Each structure stands twice: as structure tokens, then as C-alpha cells.
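Keep in mind the model is a prediction, meaning the values are calculated, not measured. In what follows, chains carry the letters A, B, and so on, assigned in the order in which the sequence lines appear, proteins first and then strands, with residues in each chain numbered from 1.
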Amino acid sequence: MFEALARIRHRRLRRDLSAYLDEMLSPGARRRLDGHLDTCGACRQELAELRATRGVLSDLPLAQVPRSFALAAAPQPVEGLRPAARRLEFGLRLGTAAAAFALAVVVIGDFAGLPGGEEEEEAAPVAMQRHEGEVVPGIVPAPTMEGEGRVFAPPMADEEEGVEVAPTPEEAPPELGYAAPEAGDIAEEEPTPESAPAPTGVEVPAARGAEEVAPEATPAPPIAEEPAAGAVEEVTPEATPAPPVAEEPAMESLISEDAAATPEAAVAEGEGALSREDVVRWLEIGLGAGVGVLALSWALVLRQVRIRAQ
Amino acid sequence: MVVADEGKLIESSRQGDLAAFNALVELYQRQVYNLCLRMLGSAEAADDTTQEAFVAAYRRIDSFRGGSFRAWVLRIAANASYDELRRRRSRPASSLEAAREAGTPIDLASPAAGPEEEALRRELNLHLQRGLATLPPEQRLAVILRDVHGLSYEELAQALGCSQGTVKSRIARGRERMRRYLMARRELLPRQFRLEGEDSHV
């Protein structure tokens with residue numbers, strides 16, 4: 001017990017040996033260490049070795065300079081190319097961050113059951129087109145993404161794109177990753193309020209299929225992972241508050257607000273209702289891929305800048 | 001050079017007076033060069049890095065806000081050395097060569113010394129350089145600036161851009177590593193070191 005305390009004290013005081021050598025200890029600390037040195041041979045030895053170490057280092061002569069380093073001419077204040085590359089790098093970094101943020105907003109909006117207003121409308125037609133011939137599970141890339149100002153690899157490249165995103169930036173993966181599982185969770189948890197023999201939408205395709213097949217039949221089973229605002233409004237065109245879907249009060253109020261505030265949205269929904277979640281899905285895919293491409297080009301530019309810096 | 005003169009030179013340099021700046025270069029080039037030499041372990045790299053540091057110093061002279069000019073200029077040299085070390089790391093092909101460089105003896109011919117003494121000095125120098133190369137760069141920098149260049153803790157805080165507490169602990173850790181490194185090779189070291197090392201009454 002006593003020994004253990006002494007050992008702790010020894011270890012703590014030992015750390016002060018270097019400053020002791022430089023006479024940079026406070027008077028109190030110096031006195032404590034002095035007292036310890038009187039009784040501790042190991043510390044005395046170590047102090048001597050440290051002193052010798054310092055001694056040989058300070059005995060090192062300074063080498064002569066091989067030449068004069070005086071500047072022949074005043075250096076240019078800046079070198080042309082590097083700042084430009086730096087700016088490009090900065091812009092790309094900003095763009096990546098912005099895209100990642102937008103993606104986060106869309107994903108969060110997706111969960112909260114708040115389809116993003118204009119984004120949705122501009123993307124809607126495209127999504128509709130794709131929609132007709134397609135019972136295929138979600139996630140086919142392409143034309144939609146042109147909205148992002150990025151041209152993309154052929155379909156199916158998409159999933160790779162997603163994967164590619166993973167190693168490069170920090171932003172993208174988390175969002176993409178957590179979108180899927182949570183959606184699943186919600187779908188499973190949803191106790192399917194009233195009605196509906198519950199096709200219990202397990203996944204996107206299932207949900208979409210159901211809606212597609214029967215817009216009028218079975219009042220929109222609240223299958224969807226997202227509270228499927230579209231479906232809800234369809235059932236109750238007069239915009240009754242409190243849609244049956246939501247379980248969280250917050251979500252409820254948000255949705256009802258949405259429905260009440262924009263009556264014409266209901267009309268728009270009439271056409272776009274089926275694809276609302278697709279639209280969100282597309283947005284997520286598009287933004288996710290956008291983030292990937294931006295991050296990738298950012299990484300490339302950054303590398304260029306670094307290389308040039310050499 | 002008197003401090004007042006130095007202040008004038010700095011002032012003129014700020015106004016773009018190249019001759020004044022070059023006078024400062026002459027004053028500090030030996031210290032800057034030696035810092036780079038010890039940090040990088042290669043004369044060639046030290047030459048380039050020293051020049052780079054003075055170019056950077058000229059461009060950034062406006063950012064000198066008083067205090068020790070030596071510490072300021074050594075900080076720029078330290079940053080230039082860090083950049084060089086980073087570049088080496090990002091060039092994996094040459095990292096081996098860099099590692100070898102870092103451990104090569106730096107030729108410090110001392111004409112006054114006899115041949116035997118000269119041999120001992122070279123050997124010690126070799127071990128010191130190799131030992132320094134094993135330290136993490138920030139500890140290496142602290143030890144070099146403190147023990148080789150003799151900066152005060154205050155100047156060190158300025159040169160390292162950190163608090164005196166951090167300075168103290170970096171020096172302590174760096175010296176501790178150097179001590180272990182040298183003690184592990186004490187039989188290879190000059191007698192002077194061994195004798196001092198064994199003497200516990202200091």
C-alpha cells in the first residue's frame with residue numbers, strides 16, 4: 001500500500017526531471033523533486049543520464065551553410081496555378097458538403113413524411129415515365145440524375161456508385177446506410193392502424209406495387225415506410241387532419257399541415273401520388289450518386305494539388 | 001547584430017526592401033539550415049527546405065507580430081521541414097531512401113580537432129542523428145530547438161505555436177526517448193558519455 005503510493009509519486013515526479021534540468025520547475029515542484037532525489041537512486045541515475053543526453057546534444061556544433069540563402073530577387077507574391085487549383089478544390093469540397101447536406105435533408109424528410117416541395121415536382125414527370133414499364137425493384141439510375149448536373153454511367157452502375165462512395169468521403173456512407181434499415185424498421189413496426197389487410201410493405205417495390213395496382217381499391221394500405229402522405233390524402237381528399245398513418249404526434253401534425261396548407265397539392269398528388277415515394281427515392285439516389293461523384297472528383301483534385309505542391 | 005538593427009531590418013523588409021531582408025537571411029540562415037538538417041537528416045533536403053523557408057518568410061513577413069524573430073523564422077523553417085517530411089511520406093517509393101538519409105551522418109568537420117577526437121565526434125554525431133530520427137517529428141523539433149539551438153521555453157512556445165506546458169512535455173518525452181536510445185548503445189558511445197551517464201552525483 002505504502003509502496004504503491006511511493007511508486008505513483010515516483011512516476012509523477014520522474015516526469016519533472018527534464019524541466020528540473022532546465023530549471024523550469026516552480027519552486028514548490030523543485031523542492032518536492034529535490035526531496036525525492038535525496039531518497040531515489042533511480043531518479044538520480046535518470047537525471048544524470050538526461051543531463052548527459054542534453055549535454056551531447058548541446059555540444060553538437062552547428063554545420064556551416066553550404067551557400068548563401070539570400071534571395072536573388074523578390075519572390076512573386078503568388079504562383080499562378082496553385083491557388084486556382086486550391087480554389088477548385090475548395091469549391092468541390094463545398095459542393096460535396098452541400099450535396100451531402102441536401103441528401104441528409106431529403107432522407108430525413110423521407111422519414112418525417114415530408115416530401116420536399118419543388119424538388120419533388122421537378123423530378124416527378126421523369127419518375128412517372130420510368131414508372132410505367134416497371135415493377136422492378138427500385139434503384140435504377142439514370143435520366144433523373146441529370147437534374148444534378150452530372151451525367152451518369154449506365155443503369156446498374158448505380159449500386160456500384162453507391163459502393164464507390166463508401167470508401168472516399170466521410171459524408172455519404174452514413175446517410176445511404178441508414179436510410180435503408182430505418183425504412184425497414186418503420187415498415188415493420190407500423191402496426192397498420194385501422195383497415196388494410198396489410199400487405200405490410202416490406203420494401204419499396206412491394207409498396208409501390210400495391211399502390212400502383214390499386215389506387216382505388218383498399219384505401220391505400222399504410223404500408224409505406226414513409227408515412228406515404230400521398231396515399232393518405234387520396235383517401236381523404238377533404239384534407240381531414242390526423243391521417244391514420246402516423247403514430248408520432250409530430251409527424252401527424254406535419255402531415256396534416258401539409259395537406260391543409262396546400263389544397264392544390266392534393267391535385268398534383270392526383271397525378272403524382274403514385275410516384276411520390278419513388279420521387280424521394282430518386283432524389284436520394286441522385287443526390288447520393290452526386291455526392292459520390294463530387295467527392296471522387298474532389299479527391300482527385302486534392303491529389304493533384306498535393307502532387308503539384310511537391 | 002544588435003536587436004535595434006534587427007527591428008529596422010524587419011521594418012524595411014516589410015516595405016519590400018530585399019536587401020534588408022537578405023541581411024536577416026544572413027543573420028539566421030545558419031540556424032535555419034541546421035534546424036532543417038537535423039529535422040530531415042539530409043544536406044540536400046536541408047538546402048532546398050532552407051531556401052523554401054526564406055521565400056516563405058519573405059512572403060509572410062507581414063505576419064510577424066513582434067516577439068522573437070528567431071523563433072518566428074525557425075517556426076517557418078519547422079513548417080517547411082514538416083511539409084518535406086509529409087511529402088516523403090506520400091512518396092512511398094523514396095521513403096526507404098529518406099529513412100536511410102535521416103540516419104546518415106552529417107559531416108561536421110572540425111578542423112581544430114585531432115584525428116582521434118574527430119573520429120569520436122563523428123561516431124557520436126551519427127548516433128545522435130539516428131536517435132533524433134527515431135523521435136516523432138514534434139518531439140524531435142522540440143529537442144533540437146531546445147538542446148541544439150538553445151531556445152528558451154518562451155521562444156519555443158512561439159516557435160512551436162503551443163503553450164509552455166506543451167513545450168515542457170514535448171521536450172521531456174523527446175529527451176526521454178533520446179536517453180533510452182543512447183543508453184541502449186552506451187558501449188558504442190564515446191567514453192565521455194558513458195562516464196557522465198554513470199555518475200549519479202550531479
From the list Val55(B), Ile171(B), Thr50(B), the residue making the most non-hydrogen contacts under 4.5 Å with chain A is Thr50(B)
*Within the distance-only criterion (no hydrogens, no angle test), does the side chain of Asp47(B) pair as donor or acceptor with the backbone N or O of Ala43(B) below 3.5 angstrom?*
no
Using the benzene-type ring in the case of Trp, are the ring centres of Phe54(B) and Tyr28(B) under 6.0 Å apart? no
Strictly distance-based, threshold 3.5 Å: is any side-chain N or O of Arg179(B) a donor or acceptor partner for the main-chain N or O of Thr53(A)?
no
Does any donor atom in the side chain of Thr166(B) or Ser169(B) lie under 3.5 Å from an acceptor atom in the other side chain? no
The interface call for Arg60(B) against chain A, heavy-atom contacts under 4.5 Å, is neither
By salt bridge (charged side-chain N to carboxylate O under 4.0 Å, His left out), Arg175(B) pairs with (sequence neighbours left out) Asp22(A), Asp147(B)
Of the listed Gly150(B), Ala53(B), Ala172(B), the one with the largest count of heavy-atom pairs under 4.5 Å with chain A is Ala172(B)
Sorted by chain and number, sequence neighbours left out, side-chain contact (heavy atoms from CB on, under 4.5 Å) with Ala71(B) holds for Ser68(B), Glu155(B), Gln158(B), Ala159(B)
Sorted by chain and number, sequence neighbours left out, side-chain contact (heavy atoms from CB on, under 4.5 Å) with Asp83(B) holds for Arg86(B), Arg87(B)
Honestly, the part of Val32(B) sitting under 4.5 Å from a heavy atom of chain A is neither
**Asked** Between Arg170(B) (side chain) and Gln139(B) (backbone), is there a donor-acceptor pair under 3.5 Å?
**Response** no
Applying a strict 4.5 Å limit to non-hydrogen atoms, the region of Arg67(A) in contact with chain B is both
| said: For the backbone of Ala45(B) and the side chain of Glu84(B), can you confirm whether one donor and one acceptor N or O come within less than 3.5 Å of each other? | reply: no
Whatever's closer than 4.5 Å to a heavy atom in chain B on Ala72(A) counts as backbone
Got a donor-acceptor contact below 3.5 angstrom from the Arg140(B) side chain to the Met39(B) backbone? yes
With chain A, the option among Arg146(B), Arg173(B), Gln29(B) that has the most non-hydrogen atom pairs under 4.5 Å is Gln29(B)
Whatever's closer than 4.5 Å to a heavy atom in chain B on Leu21(A) counts as side chain
Contact list (residues 13-21 of chain B to chain A, heavy-atom gap under 4.5 Å, by number) returns Leu18(B), Phe21(B)
When the 4.5 angstrom heavy-atom criterion is applied to Gln51(B) and chain A, the contacting part is both
